[in-house]
Amino acid sequence: MSKNNGELNLKQVAEKHTDFPQLIIRKIDTALRGVNFTERAVKKAWDLNALYDAAPELETKGAGLVFGGALFRDGTLVQGVESISSLRGRILRKDKAAPYTLDAIDGKLWLLDDKQPVEEIDFVPIPEYYGKKTSRGTPMIKVVRTGPPDCLNVNVYGYCLFWKEKLPCKYCCFQESLLREGLHTQESLDDIYETVSEALKEKGRWTGMRLIAGSDFRGKTPYENDSNEYIRVLKTLQRSFGTKNIYARLVASAVPKEHLERVKEAGAVAYEPHIEVWDKKVFGKICPGKAKFFGWQYWVDNIIDAVKVFGRGNVCSQLVAGAELAQPYGFKSVEKALKSNLEGVEFLAQHGANVSFCVLWVGQGSVFFAEKQTAAPLEYYVRLAKGIRDIRKKYKLAVDFNDYRRCAIHPDTDLARLDYNEVSYEPVGAGEGR
Amino acid sequence: MSKLSKEVVDLIKDCASIKIVTTTDENGNPHAAFKGCLTVLEDGNLAFAETLEGSQNNINLVRSLWFDKNVQLTVRGKDGKTFQIKGKPYKYSYTGPLYKKFYLAARKKRGQDSEISGVWVIVPEEVRDETYEARKKIEDELHPFFRHFDRESVLVK
């Protein structure tokens, strides 16, 4: 059981918030405390085809294990499982917070808290296309990765100019990979086409696709390069699917409306420009790159404009919740942080845009890691998830493309499972977004 | 040990049986749905496919799992033999072998544009014989004053 500096532990939070599913509190807690695997659990993962050794294909020395994922009984994702990946030991957890243990007991998988089994867990099989190669010999696992279980992830480009400018978001820990510039060639686009086409042969597996990249603000107009690359990949995916629209979500920078319309024309249906931190001043400190290119107001305007392009409920921003409490940059009280976040969520909801949050991850390589920052208290995330759910319900916003299956790291969108029928694609109340 | 007798299991596995799942929403409003695919797993738990993620049935099941509420399954054979099973939603699978089995079965039955959203596993807690004759016998024993006097078992000429 967690012993965090006087913060409420899971049992105390669950007793205080009886209207909040304990399984989702547990999920948040796994994100905060991490999960270590016993040798028996690792063996079980191999037995169940939930582990894949990609080291030879990725040409890494060790640390090439790819894990299919772990799910709670309700199908939500167990987080904090980096102990079974190359991120082992690279995530900073709260002081004295004991990690969970995942063990195999009598043939079943259990999450243990302080040696006590608390939840039965299922492993997710790796996809069938892992181990296959494209016609030019590229291992498909290098081209498209999966996770959560329903979702294919395509890298649009692998660098972030904020790192190059020495202005990374302070929680970002992908420094090494995001410094190498390089765009897709026709050959690498063909690899994407072949890999996605192969992945789509697996029956009953995929309902989500995520296109991701760093940030490239260059071009004749802001982020023109960024949108050009998304369009190239979208057109490749149109070949794989044989359709105009691609039911993918674009996790992208704040692309101006003129380019968003081009992106939509290329088949995009859902868009995620991540504001990360709502408060303008704190945003400037935590996300200096986004603040410089091209400022808080620019990013907010982009979210609102995006609703006009993609429609109500098809745009979702994201908060890296807990970052706004990092010292000396952020709020000094959780009440003020919560108030700020929920004001932002409601403001954007009035315009037809969603906001979800993920739990702050303090990973090696980030500014926060060097500063020994930590995530917010468990109860903070429970209150934030509740607050966002209430606002989403009030404005009847759908968030299907970013829910427990298609992204799986947002406690607030986990709760949307209870509200699937309470959505409207027409403006609600004072909302302007359509 | 499973709560389900062989008779109940056989009835559930009979394709000709009618199978209904009843759930309630947060205000207690009931919702019933036919579940022809309801089956019994090797461990004695019950399983059925949920076709639509946004169905009221599915939403109620998620809530029941999260907040430890019971659901009810009713099985009625072609000869009228009927059982009610109270149970708890234990697991919702949308990946792995169990899910795939149901998914491919749904495809076979409904065609290439069909799918399922997931598979629910229910742990049975209580089974009740709801067949008319069985219920009448219990009722007569517990409440003999409720019977009409012109019934054969009351008015013996």
Side-chain angles (χ1 to χ4, degrees), chain A residues 14 17-27 48-50 68-77 106-109 119-128 146-151 202-208 393 398 400 403-406 408 414-423, chain B residues 23-27 29 31 41-43 45 47 49-69 87-123:
Chain A
H17 299 273
T18 53
D19 59 343
F20 197 95
Q22 189 168 320
L23 260 172
I24 307 301
I25 303 177
R26 183 79 69 189
K27 169 187 174 165
L48 294 172
N49 196 32
L71 298 174
F72 285 108
R73 290 182 294 119
D74 65 348
T76 49
L77 195 70
D106 297 331
K108 292 186 173 181
L109 291 158
E119 276 298 335
E120 192 183 338
I121 301 297
D122 268 343
F123 282 161
V124 179
I126 58 160
E128 291 171 1
T146 66
D150 275 24
C151 187
E202 188 169 352
K203 300 283 185 194
R205 179 78 197 231
W206 314 111
T207 66
K393 274 184 79 173
D400 300 0
D403 72 351
Y404 79 106
R405 286 172 76 157
R406 282 149 282 268
D414 291 339
L415 301 178
R417 295 173 77 178
L418 298 180
D419 310 320
Y420 278 142
N421 289 334
E422 298 174 43
V423 299
Chain B
T23 58
T24 50
D25 70 11
E26 61 184 326
N27 299 315
N29 297 310
H31 180 86
L41 302 175
E42 280 182 14
D43 60 5
N45 289 333
E50 178 54 58
T51 314
L52 307 169
E53 186 82 40
S55 75
Q56 191 60 52
N57 196 56
N58 195 52
I59 291 166
N60 291 350
L61 283 158
V62 171
R63 184 181 292 102
S64 299
L65 189 153
W66 278 351
F67 297 105
D68 202 30
K69 305 288 184 197
K88 283 219 161 55
Y90 181 71
K91 190 185 285 187
Y92 182 64
S93 296
Y94 57 89
T95 180
L98 179 67
Y99 171 75
K100 202 152 200 173
K101 190 176 166 187
F102 275 88
Y103 187 89
L104 295 175
R107 262 299 159 79
K108 198 173 172 186
K109 185 179 173 188
R110 292 200 163 112
Q112 290 303 302
D113 196 38
S114 62
E115 63 173 315
I116 61 169
S117 149
V119 175
W120 280 100
V121 175
I122 310 289
V123 178

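Naming: A, B, ... by sequence-line order, numbering from 1 per chain. Side-chain atoms are counted along with the backbone in the values below, which use heavy atoms only and exclude waters and symmetry mates.
The distance from atom CD of B:E53 to atom CZ of A:R405, rounded to the nearest 0.5 Å, is 5.0 Å. A distance of 10.0 Å separates CZ in B:F67 from CD in A:Q22, rounded to the nearest 0.5 Å.
Without hydrogens or angle criteria, A:D74 side chain to B:V62 main chain gives no donor-acceptor distance under 3.5 Å.
A:D400 does not touch chain B: none of its heavy atoms, backbone or side chain, sits under 4.5 Å away. Only the side chain of A:D122 comes within contact range of chain B, with heavy atoms under 4.5 Å apart. Proximity to chain B (any heavy atom under 4.5 Å) is restricted, for A:E202, to the side chain, taken from C-beta onward. For A:T207, no part lies near chain B; criterion is any non-hydrogen pair under 4.5 Å. With a 4.5 Å cut-off on non-hydrogen atoms, A:F20 touches chain B through its backbone but not through its side chain.
For A:I24 against B:W66, the heavy-atom pair with the smallest separation is CD1-CZ2, 3.8 Å. Residues A:R417 and B:I59 come closest through the heavy atom pair O-CG1, 3.6 Å.
Most heavy-atom pairs under 4.5 Å with chain B, from the set A:L23, A:V124, A:N421: that is A:N421. Interface summary for chain B: among A:P149, A:P125, A:G75, the most heavy-atom pairs under 4.5 angstrom belong to A:G75. Contact count versus chain B (heavy atoms, under 4.5 Å) is highest, among A:K203, A:E120, A:R205, A:R73, for A:R73. Across A:G69, A:A50, A:P21, the residue that shares the most heavy-atom pairs under 4.5 angstrom with chain B is A:P21.
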Please lay out, stage by stage, how A:L418 and B:E26 fare under the test side chain to side chain contact (heavy atoms under 4.5 Å, CB included). CA-CA 10 Å; A:L418 298 180; B:E26 61 184 326; over 6 Å; no
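Residues of residues 107-123 of chain B lying under 4.5 angstrom from chain A, judged on non-hydrogen atoms, are B:R107, B:Q112, B:S117 by number. Identified by a heavy-atom distance below 4.5 Å to chain A, the contributing residues of residues 92-103 of chain B are B:Y92, B:S93, B:Y94, B:T95, B:G96, B:Y99, B:K100, B:Y103, in residue-number order.
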